[in-house]
Amino acid sequence: MKAAVPEPTAVGVGATPPAPDCLEVGEAWHGAAHPVRPRAERYTMLSLLWVFPSFGALFILGRNADQWLRAPSVNAALRALRLEDWLAMGLLALHAWFIARAVWWRRHATPRMVVATEPSPAHGLHKLR
């Protein structure tokens with residue numbers, strides 16, 4: 001059975017709310033406000049994890065590169081590309097799109113404050129049970 005996290009409370013009538021960077025939530029818990037940009041974080045994580053499919057795509061393109069690099073014309077090079085080459089280029093293009101979206105959302109998104117409740121460092125974890 002999971003213990004419920006207490007709601008933040010202000011002390012006394014007319015008390016000023018706590019500072020936004022640290023919020024007292026009972027005796028053994030405190031809340032810390034963190035600025036987050038969910039879309040920027042999502043695209044950043046996709047960009048970092050998409051490295052693994054991109055390495056596979058580069059391997060596929062490198063393995064078949066001699067067929068389309070030695071073609072006498074651009075038209076012949078395009079005809080020499082196989083389905084797996086096109087899919088590998090699509091994976092690399094998608095990786096570039098993820099990176100571009102991550103950069104765009106980092107620059108243009110307004111961060112919102114999210115309060116995460118954590119155990120207070122002044123209290124031991126054994127006291128929270």
Side-chain angles (χ1 to χ4, degrees):
M1 188 159 127
K2 218 174 182 182
V5 176
E7 292 294 318
T9 57
V11 180
V13 177
T16 59
D21 60 339
C22 185
L23 183 68
E24 290 299 323
V25 188
E27 187 175 306
W29 295 87
H30 76 281
H34 304 285
V36 294
R37 294 179 179 105
R39 288 187 180 171
E41 292 173 5
R42 180 183 315 132
Y43 283 114
T44 301
M45 186 58 63
L46 279 170
S47 298
L48 292 174
L49 292 176
W50 206 258
V51 168
F52 299 109
S54 293
F55 282 147
L58 289 173
F59 176 74
I60 290 172
L61 287 175
R63 186 182 56 180
N64 299 334
D66 59 341
Q67 295 175 359
W68 48 275
L69 284 177
R70 293 183 185 162
S73 67
V74 174
N75 193 15
L78 288 176
R79 279 188 279 144
L81 291 174
R82 296 186 293 198
L83 177 64
E84 61 207 35
D85 297 327
W86 287 108
L87 291 176
M89 284 190 266
L91 286 174
L92 292 173
L94 196 56
H95 192 190
W97 187 75
F98 287 153
I99 292 170
R101 296 297 289 178
V103 169
W104 192 88
W105 281 110
R106 288 253 177 235
R107 290 183 181 170
H108 294 92
T110 304
R112 66 177 185 199
M113 299 302 281
V114 173
V115 177
T117 55
E118 302 165 345
S120 177
H123 291 77
L125 289 177
H126 65 282
K127 295 179 182 179
L128 297 176
R129 295 183 189 155

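Heavy-atom basis, side chains included; hydrogens, waters and symmetry copies ignored.
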Ser47 to Ala102 - nearest heavy-atom pair and separation: OG-CB, 4.2 Å
Close side-chain approach of Leu81 and Met89, heavy atoms under 4.5 Å: yes
Same cluster (ILVMFWY, side-chain, under 4.5 Å), Leu91 and Leu46: yes
Plane angle bin for His108 and Trp104 - parallel if under 30°, tilted between 30 and 60°, otherwise perpendicular: parallel
Arg63 CZ: over 12 foreign heavy atoms closer than 6.0 Å: yes
Cluster link Leu92 to Leu78, ILVMFWY, side chain under 4.5 Å: yes
Closest approach of His95 to Ser54 (non-hydrogen atoms, all atoms of both residues): ND1-OG, 2.8 Å
Leu49-Leu94 co-clustered via ILVMFWY side chain contacts under 4.5 Å: no
Check: Arg101 and Arg106 side chains under 4.5 Å, non-hydrogen atoms: no
Shared hydrophobic cluster for Leu61 and Trp86 (ILVMFWY, side-chain gaps under 4.5 Å): yes
Main-chain N/O of Trp105 paired with Arg39 side-chain donor or acceptor, under 3.5 Å: no
Cluster overlap Leu83 with Ile60, hydrophobic side-chain contacts below 4.5 Å: no
Ring geometry between Phe98 and Trp50 (parallel below 30°, tilted from 30 to 60°, perpendicular above 60°): perpendicular
